[in-house]
Amino acid sequence: MPLLRTTRSLRATRTTVLAGLLLAGTAVVPMASAAATPLYKNSHAPVSERVKDLMARMTLDDKVGQMTQGERGAATPAQSAAARLGSILSGGGSTPTPNTPAGWADMIDAYQKAATSTGLGIPIIYGSDTVHGHNNVHGATVFPHNIGLGAANDPRLVEKIGAITAEESAATGVKWGFAPCLCVARDDRWGRTYESFGEIPRNAVENSRIIKGLQGRELDDPASIMATAKHFIGDGGTTGGDDQGNTQISLEELRRIHLPPFRAAVAHGVGSVMISFNSWNGVKDHGNKFLITDLLKGELRFSGFVISDWNGIDQIDGQEGFTAAEVKQAVNAGIDMIMVPYDYLKFISTLKAEVLNGHIPLSRIDDANRRILTKKFELGLFEHPYTDRSLQKDFGSAAHRAVARQAVRESQVLLKNDGVLPLAKRDNKIFVAGKNANDLGNQAGGWTLTWQGQSGERVIPGTTILDGIKAGAGKGTVVTYDRAGGGIDSGYRVAIAVVGETPYAEGEGDRPGGLGLDAEDLALLGKLKASGVPVVVVTVSGRPLDIAAQLPSVKGLVAAWLPGSEGAGVADVLYGDYNPTGKLSFTWPKSSAQEPINAGDGRQGLFPYGYGLSYRRHHR
Ligand code: GLC
């Protein structure tokens, strides 16, 4: 039969058949012919169908690779593709050269090109710690750390911060942010207190809205990224505030204090949850099946995927490195992807062996892959594996920085004011001093450009607190700065001493020995006090500090926390351009010897949770 007729008759037959099927109410999904693209690559097919089709094509090597996350410094694109890694991360400060949006996009696109041009073409997902903006990248908008956002009491603004953070991350190819930390820090001696929104669950519950900002309306929006609720569970409740220590509390207290923020995160549709380093009553969370599978995946019905923390599974047996037993325990406990981050080849071979010898059921491997691949499809990574560089035009933009400056204003907490604030803008003589007055590194804190952060006047673009004071000064006003207070004399009408902490992250910031001001700050306050000039203290710190002894001799006290790149927002409050609204989300202790001290425990600190003053009248 001539081809035309054949085609026509075939088409006629098919039409009849189709009509019959439709009449019969049978769903008709276009059969993927052998030559056509496989179903999993059909962006119109339901995600669940795409996952099923793809998994049916995957080997055990493919599946084990998907569950493995390597660090960029340990895996080139070719090595990543050869190992079939599911994800690559940047640890704190692990950045490409140049450390620019284009440098990041080139790096991540190279991983994607290698991944999508081998085997089944499964794209990687690239993760980075976007804990206060896309803070690993030079030029990013750096927002106040969570402790300040908690004091701002403005979840709507925090959601906006999430959206900007996501946009600046996606602009560089990072489609997975390891944020927000939803820890409830109970002992301020903990080095990660500043990553906490507050000492009671309410602050983290309300500010978990940042997840909506990060993930956008749809995960596959170009400017959306997948968020991570971390660290599950009890990181802020360790005894003595010992980072990665032992959280010795009842299940009732764990549920009451540390669980509500994760329930809220799941309700927001958070795509991933990171497991915490701490132990709960002596058992490492990374090996705890009750917490991960029964509580998080079962009771909370979390349907995203669970990632371990950095070498977290190595800690299960308390010895260096990971063993087959630890891999088995962690994966069977419910961890879906392991942040290895260096020894990924050994991890892959160990995991594969634990499946082949029956210690880890294939059903667990399939559950993990289903969760991971579902998020990759929902993120649109199969259709758009490469960076949307059109987003780079707004990276670190003035508009983004204006939002950050508003967050700085709202996070300032006025704790004492003997009429010395707000500062007069005109015909004033202001002396500014202190190590944190003119140092963008110190005011940004940890997780900024590097893991630990660093001091440095201009390590990132932005405005220092001194910049803001100078810019706000009006006609006839003199502003003098000297870090150590040199040159102060009774001719000045007010001295602003910006003191506090220098950057740190995680356990490096644990201060079991107390939270007093350092010798430099104490010497400065002594010098300023001796001058007789009224002193306003501004603390730049990741937590409340021991300042009870200094309080009587100062006329004003403002907690600025870690404001990030837009330090001028602090000056907006000092001048009264913004009437302070911030309220403490942490009880301020009389002394750190009182720690842990928290709202509701019936004990009296120096300033209570929720405390914060405003100016009586709006002053110009
Ligand atoms: C760190 C932190 C975690 C972070 C991860 C990747 O150790 O505990 O918050 O997301 O490693 O940098």
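Along the sequence shown, the residues carry numbers beginning at 1.
- Ion pairing between Glu252 and Arg255 fails under the 4.0 Å rule for side-chain N and carboxylate O.
- Legend: residues meeting salt bridge (Lys or Arg N to Asp or Glu O under 4.0 Å) with Glu206, ordered by chain and number and at least two apart, are Arg202.
- Applying the salt bridge (Lys or Arg N to Asp or Glu O under 4.0 Å) test to Asp510 and every residue at least two apart in sequence or in another chain returns nothing.
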Is there a salt bridge (charged side-chain N to carboxylate O under 4.0 Å, His left out) between Glu378 and Arg50 once you walk through the steps? CA-CA 11 Å; Glu378 289 176 355; Arg50 300 180 74 180; over 6 Å; no

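- No side-chain N or O of Thr238 forms a donor-acceptor pair with one of Thr247 less than 3.5 Å apart.
- Closest heavy-atom contact between Thr448 and Gly445: OG1-O, 2.9 Å.
- In this structure, Lys230 forms a cation-pi arrangement with Trp447, its terminal cationic atom sitting closer than 6.0 Å to the ring centre and no more than 45° off the ring axis.
- We find that Arg57 and Asp53 are joined by a salt bridge, their nearest charged nitrogen and carboxylate oxygen being less than 4.0 Å apart.
- When all heavy atoms are compared, the tightest approach of Ile225 to Val174 is CG2-O, 3.3 Å.
- Aromatic ring orientation, Trp588 versus Trp561: tilted (interplanar angle from 30° to 60°).
- Using a cut-off of 4.0 Å between Lys/Arg side-chain N and Asp/Glu carboxylate O, Arg156 and Asp154 are scored as not salt-bridged.
- Side chain to side chain, Ser80 and Tyr344 fail the donor-acceptor criterion of an N or O pair below 3.5 Å.
- Contact check on Glu326 versus Lys284 returns no salt bridge, with no Lys/Arg side-chain nitrogen under 4.0 Å from an Asp/Glu carboxylate oxygen.
- The shortest heavy-atom contact between Ala223 and Leu391 is CA-CD1, 4.1 Å.
- By the neighbour-count criterion of 12 heavy atoms within 6.0 Å, atom NE2 of His268 is densely surrounded, having more than that number from other residues, nucleotides or ligands.
- The line from CD1 of Ile88 to OG1 of Thr76 is 8.5 Å long, rounded to the nearest 0.5 Å.
- Centroid-to-centroid, the aromatic rings of Tyr609 and Phe586 stay 6.0 Å apart or farther.
- In this structure, a donor-acceptor pair under 3.5 Å is present between the side chains of Arg72 and Ser94.
- Atom CD of Glu218 is surrounded by 12 or fewer heavy atoms from other residues, nucleotides or ligands within 6.0 Å.
- Using a cut-off of 4.0 Å between Lys/Arg side-chain N and Asp/Glu carboxylate O, Lys160 and Glu167 are scored as not salt-bridged.
- With rounding to the nearest 0.5 Å, the separation of CZ in Phe197 from CD1 in Ile210 is 5.0 Å.
- Side-chain atoms of Thr239 and Gln248 form a donor-acceptor pair, as typed in the model, at a separation below 3.5 Å.
- Heavy atoms only, all atoms of each residue included: Arg186 and Gly237 are closest at CG-CA, 4.3 Å.
- Here the shortest heavy-atom pairing between Ile313 and His286 reads N-CD2, 3.9 Å.
- Summarising the geometry, atom CZ belonging to Phe322 is positioned 14.0 Å from atom CD belonging to Gln315; distances are rounded to the nearest 0.5 Å.
- A parallel orientation is assigned to the rings of Phe382 and Phe377, their planes being inclined by less than 30° (bins at 30° and 60°).
- Within the model, atoms CG of Asp235 and CG of Asp285 stand 8.5 Å from one another, a figure rounded to the nearest 0.5 Å.
- The two residues Val142 and Ala404 come nearest to each other via the heavy atoms O-CB, 4.5 Å.
- In this model, a donor atom of one side chain and an acceptor atom of the other lie less than 3.5 Å apart for Ser272 and Trp176.
- At a threshold of 4.5 Å between non-hydrogen side-chain atoms, the residues Val331 and Val355 do not count as touching.
- Of the inter-residue distances, the one linking Met58 atom CE with Asp366 atom CG reads 9.0 Å to the nearest 0.5 angstrom.
- With respect to Asp336, the salt bridge (Lys or Arg N to Asp or Glu O under 4.0 Å) criterion is satisfied by exactly one of Arg364, Arg370, Lys63: Arg364.
- One finds a salt bridge joining Glu195 and Arg192 here, because a Lys/Arg side-chain nitrogen approaches an Asp/Glu carboxylate oxygen to under 4.0 Å.
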